Amino acid sequence: MIDQWLQHKWFLRVIALALAILLYFMVAETSSSTNSTNALPIVGQSSMTLDVPVEVFFDEVQYVAYNVPEEMSVELQGPSSSLTMTKLVKDYQVFVDLTNLGTGFHRVPVEARGFGGDVNVELERDTVEIYIDRKQTVEVPVSVNLLNKDQLPEGKVVGDADIEPTTVKVSGGASRIQNVQEITLNVDVANQSQTFTRELTPTILDANGNPLNVTVEPNIISVSVPVYEQSAVFPIEAVTTGDVADDFRLVDTLLEETEVRVFAPQDVLDSIDTVETEPIDLDGIDKTGKVTATLAVPEGASSLETKQVEVQLLVRAADESRDDTGELTERVRLTVPVTVRGYDRTNFTLQAPEVIGVTLSGKRSLLESITSNSVRVTLDLTGLPSGLHGVDVDYEVPKGVTVVSPKTIDIELTSVDEQTETSSIQ
């Protein structure tokens with residue numbers, strides 16, 4: 001209950017006033033008993049120093065004020081009772097008034113009030129030079145710079161960071177934020193073995209590396225960095241065992257999916273050419289149909305993105321003379337060169353395949369005339385930052401032919417600055 005009363009200013013003021021009156025009468029009585037000739041007693045004088053926050057009065061909606069000190073030292077001299085009440089009540093202010101000032105530099109007085117009429121106030125500084133700028137708000141994108149990717153655990157790689165939000169609003173003086181084009185967050189990925197998330201507070205620096213006095217909204221940005229095993233995509237090969245029923249023949253095997261991603265250390269990936277299915281048993285089959293085949297994990301690999309694949313077994317009677325295979329929809333795989341556009345070769349180096357295996361689907365009669373020169377593969381890297389990216393592939397293929405895979409290709413962009421920094425560290 002007493003604690004609650006002590007939190008009220010007026011209660012403290014009444015207590016302080018009562019103490020002052022009591023002190024007054026004590027001194028007066030002492031003075032009377034000693035036949036003092038003074039009409040009023042002289043109350044004891046004292047001094048103290050306070051560090052007081054500096055308040056600023058101006059139109060905060062339209063303007064921003066710079067160079068205003070956060071706090072100022074104030075020396076007080078006066079009756080002990082008045083200083084005690086000042087310290088308890090804290091009903092005082094140190095401020096600068098910019099209300100009627102426009103943009104630019106101004107030297108303005110520092111003012112104080114609320115310390116009591118019988119208290120002498122001496123400020124650390126009588127004036128301050130401040131700068132007023134017109135307030136401006138801009139929306140800028142947020143990007144992530146992943147540091148120490150070379151210090152990931154062996155066999156691990158990082159993917160594109162997921163940023164939320166992807167843009168923020170920056171408010172401050174127009175002259176100070178005019179060069180703010182982007183906010184880049186540095187995230188250290190050293191020794192990270194699994195996907196992780198960081199909550200980061202953005203700091204905007206000037207050309208000299210000093211923090212700019214601006215506000216960012218929102219001021220917390222969530223960054224999620226995927227960490228996974230190294231991987232690559234390989235073609236699937238259907239493997240069969242046994243023979244179809246007597247008087248029938250196997251015309252072809254058609255795969256529903258022709259490629260699969262394999263997760264493995266880089267030396268294992270370098271040794272893989274294809275991923276085979278577990279042997280498909282043909283014994284006794286006498287008609288066309290689909291089977292589900294299990295994919296065999298290559299030796300040394302940790303896992304496959306897909307464990308099974310649908311395979312269509314095309315079966316015909318041995319004495320059947322008709323040839324309708326030209327009208328069958330099947331797939332073909334071609335090796336096609338890759339064209340890359342949209343990245344700055346002076347500021348980035350690129351790791352991307354020069355050729356890829358492209359799987360096409362269409363009628364057999366049409367696919368028979370398709371060559372690598374019939375297909376164009378393009379990767380557009382416009383606007384991509386440094387890092388590992390899965391880029392959508394742009395295709396140009398003949399009419400009647402559709403692309404089965406790949407839909408994306410993994411590439412890595414490395415900035416020249418990162419390479420220089422790594423070289424200097426080494």
Side-chain angles (χ1 to χ4, degrees), residues 231-264 268-269 271-336 353 355-375 377 393 395 397-409:
S231 66
V233 176
F234 296 96
I236 300 173
E237 180 179 345
V239 177
T240 61
T241 184
D243 298 310
V244 296
D246 292 341
D247 299 327
F248 288 88
R249 58 189 175 93
L250 178 66
V251 177
D252 208 345
T253 55
L254 304 178
L255 294 164
E256 187 74 19
E257 298 294 333
T258 60
E259 294 179 323
V260 65
R261 183 175 291 275
V262 180
F263 296 93
V268 175
L269 296 175
S271 67
I272 298 174
D273 293 321
T274 62
V275 175
E276 297 181 346
T277 65
E278 296 289 352
I280 301 170
D281 189 2
L282 301 179
D283 286 341
I285 295 179
D286 58 4
K287 61 181 178 179
T288 295
K290 284 187 177 182
V291 297
T292 300
T294 300
L295 297 175
V297 178
E299 184 177 355
S302 60
S303 63
L304 303 176
E305 187 175 41
T306 303
K307 295 181 179 181
Q308 295 180 321
V309 64
E310 295 290 323
V311 182
Q312 183 177 14
L313 303 177
L314 187 58
V315 178
R316 289 282 188 267
D319 59 355
E320 189 173 337
S321 59
R322 66 185 178 93
D323 183 8
D324 59 356
T325 56
E327 295 303 309
L328 293 174
T329 297
E330 66 172 29
R331 302 181 181 191
V332 66
R333 183 178 175 85
L334 301 174
T335 300
V336 182
V355 296
I356 61 170
V358 178
T359 302
L360 305 175
S361 175
K363 292 183 178 181
R364 176 172 293 182
S365 57
L366 182 58
L367 294 181
E368 287 176 349
S369 62
I370 297 293
T371 67
S372 296
N373 294 330
S374 307
V375 181
V377 175
V393 185
Y395 288 101
V397 296
K399 185 177 180 180
V401 175
T402 59
V403 177
V404 177
S405 63
K407 302 297 185 182
T408 63
I409 296 177

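Starting from 1, each residue takes its place in the sequence as its number. As the structure is a prediction and not an experimental result, all values here were calculated from the model.
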Taking it one step at a time, do Thr241 and Ile280 satisfy side-chain contact (heavy atoms from CB on, under 4.5 Å)? CA-CA 6 Å; Thr241 184; Ile280 301 170; over 6 Å; no
At what distance, to the nearest 0.5 angstrom, does CD1 of Ile236 lie from CD of Glu276? 11.5 Å
Donor-acceptor contact below 3.5 Å, side chain Lys407 vs main chain Val403: yes
Can you tell me how far CG of Leu313 sits from OG1 of Thr253, rounded to the nearest 0.5 angstrom? 7.0 Å
Would you sort out whether Leu360 and Val404 count as a side-chain contact (heavy atoms from CB on, under 4.5 Å), showing the intermediate values? CA-CA 5 Å; Leu360 305 175; Val404 177; over 6 Å; no
Where Ala301 and Ala264 come nearest, the two heavy atoms and their spacing: CA-CB, 3.6 Å
Nearest-0.5 Å distance, CD of residue Gln308 to CG of residue Leu304: 11.5 Å
Look up atom NZ in Lys287 and atom CG in Leu314, then write down how far apart they are to the nearest 0.5 Å. 14.0 Å
Nearest-0.5 Å distance, CZ of residue Arg333 to CD of residue Glu237: 11.5 Å
Test item: Val355 and Val336 side chains (from C-beta on) under 4.5 Å apart, heavy atoms: no
How close do Glu257 and Val309 get, heavy atom to heavy atom, and via which atoms? O-CG2, 3.5 Å
Would you mind reporting whether Leu254 and Val311 have side-chain heavy atoms less than 4.5 Å apart? no
Over all heavy atoms of both residues, which pair between Pro398 and Ser374 is shortest? Give the atoms and the distance, please. CD-O, 3.5 Å
Taking the side chain as everything from C-beta on, heavy atoms only, tell me whether Pro406 gets closer than 4.5 Å to Ile356. yes
Could you go step by step and tell me if Thr288 and Gln312 meet the side-chain contact (heavy atoms from CB on, under 4.5 Å) rule? CA-CA 7 Å; Thr288 295; Gln312 183 177 14; 3.8 Å; yes
Quick check on Asp281: does its CG atom have over 12 non-hydrogen neighbours (other residues, nucleotides or ligands) under 6.0 Å away? yes
Does the side chain of Glu305 reach to within under 4.5 Å of the side chain of Val262, using non-hydrogen atoms? no
What are the two closest non-hydrogen atoms of Asp286 and Val315, and how far apart are they? C-CG1, 4.1 Å
Interatomic distance, Thr359 atom OG1 to Leu334 atom CG [nearest 0.5 angstrom]: 8.5 Å
Do Ser405 and Thr258 make a side-chain contact, defined as non-hydrogen atoms from C-beta onward lying under 4.5 Å apart? yes
Spell out, as yes or no, whether a donor-acceptor pair under 3.5 Å connects the side chain of Asp283 to the backbone of Asp243. yes
When Tyr395 is tested against each of Thr402, Val377, Val401 for side chain to side chain contact (heavy atoms under 4.5 Å, CB included), which residue passes? Val377
For Pro298 and Val275 the tightest heavy-atom approach is CG-CG2, 4.2 Å
Should Thr274 and Phe234 count as side-chain neighbours, where that means a heavy-atom distance under 4.5 Å? no
Does any donor atom in the side chain of Glu310 or Thr292 lie under 3.5 Å from an acceptor atom in the other side chain? yes
Heavy-atom closest contact (Thr277 atom, Leu295 atom, distance): CG2-CD2, 3.9 Å
